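Just so it is clear, the model here is predicted, and its values are computed rather than measured. One-based numbering, in listed order, for ligands and for the atoms of each.
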Amino acid sequence: MTSIIKTNSLTKIYGKKSSAFTALDNINLDIKQGESIAVVGKSGSGKSTLMHLLALLDSPSSGSVIINNVDSHKLSIKKMDLLRNQNFGFVFQQFFLSPHESVLDNVVLPLKIAGISRSERKKRGLEVLEAVDLADKSKDKAVNLSGGQKQRACIARALINNPTIIFADEPTGNLDSITGQMIENLLFQLNKDKNITLLIVTHDDDLANRCQRQIYIKDGSLIKEQ
Ligand SMILES: Nc1ncnc2c1ncn2[C@@H]1O[C@H](COP(=O)(O)OP(=O)(O)OP(=O)(O)O)[C@@H](O)[C@H]1O
Ligand SMILES: [Mg+2]
């Protein structure tokens, strides 16, 4: 299987000198295309930090993130933005939707950033909203959606660029169990049908066990992989 993301002694230290705090310590990972991986660990163990580094949203203190065999360190900011925009989808617990924009406008934002025409944006936006069963809400303001609908809108937005990998940080954390189940099913469906790699931070054992692989983080170190 092809590696999609590799890390080499990935380390993140927040702060300086006496206040320096090692949030991630020498993490080595090899993530293959099409895998589903759960990142598990206590609050404060470094899961979100790891996710942000892998998604090129933050830079490491030392070590490297290699995406499709390219050391991300060597990329210009512009290339990095492009890579993220074209290959990654994000589903975070805090939705990061613009509340007073329409659902459709929220969902097509990555396309707008990529300079895709308005008509194409609308076509693709409606397609992904259809996929998460939210097409009937396309014109509603995001603020008026329920929590589960907001989460589905985020998944639609994550899908808009046909990503090769979806990063999900506690995607079901704020949802009731039935809605959470629906979101989970949707993510695994995408994994199966489109071979989208899933990297999911979760405290939910059932969700973690549904993933092919589990990565356990403790105090910034990878303590177990299975
Ligand atoms: N910008 C920052 N500056 C200083 N310390 C930080 C910063 N961001 C995170 N940390 C610290 O790094 C550690 C790891 O944080 P991180 O957000 O990765 O934890 P987490 O495993 O995602 O926890 P949770 O399950 O609560 O979301 C924590 O101790 C946190 O306080
Ligand atoms: Mg976190």
Do Ile223 and Met51 sit in the same hydrophobic cluster, where Ile, Leu, Val, Met, Phe, Trp and Tyr count as joined when their side-chain heavy atoms come under 4.5 Å apart? no

Could you verify whether a donor N or O on one side chain and an acceptor N or O on the other, from Arg210 and Asn185, lie under 3.5 Å apart? yes

Tell me whether Leu50 shares a hydrophobic cluster with Leu57, the cluster being built from Ile, Leu, Val, Met, Phe, Trp, Tyr side chains joined at under 4.5 Å. yes

Is there a salt bridge (charged side-chain N to carboxylate O under 4.0 Å, His left out) between Lys78 and Asp81? Walk through the geometry before answering. CA-CA 5 Å; Lys78 206 172 163 188; Asp81 287 343; over 6 Å; no

At a cut-off of 2.8 Å, protein N/O/S around the Mg ion (ligand 2) gives Ser48 OG

Test side-chain contact (heavy atoms from CB on, under 4.5 Å) applied to Val128 and Leu104, Ile160, Ile155, the passing residue: Ile160

Within the structure provided, determine whether Val91 and Gln151 are in side-chain contact (heavy-atom separation under 4.5 Å). yes

Group every Ile, Leu, Val, Met, Phe, Trp and Tyr by side-chain heavy-atom contacts under 4.5 Å, then state whether Met80 and Phe90 land in the same group. yes

Near ligand 1, which protein residues have a heavy atom under 4.0 Å away? Tyr14, Phe21, Ala23, Lys42, Ser43, Gly44, Ser45, Gly46, Lys47, Ser48, Thr49, His203

Can you get from Phe167 to Val40 by hopping between Ile, Leu, Val, Met, Phe, Trp and Tyr side chains that sit under 4.5 Å apart? no

Does any non-hydrogen side-chain atom of Lys122 lie less than 4.5 Å from one of Val108? no

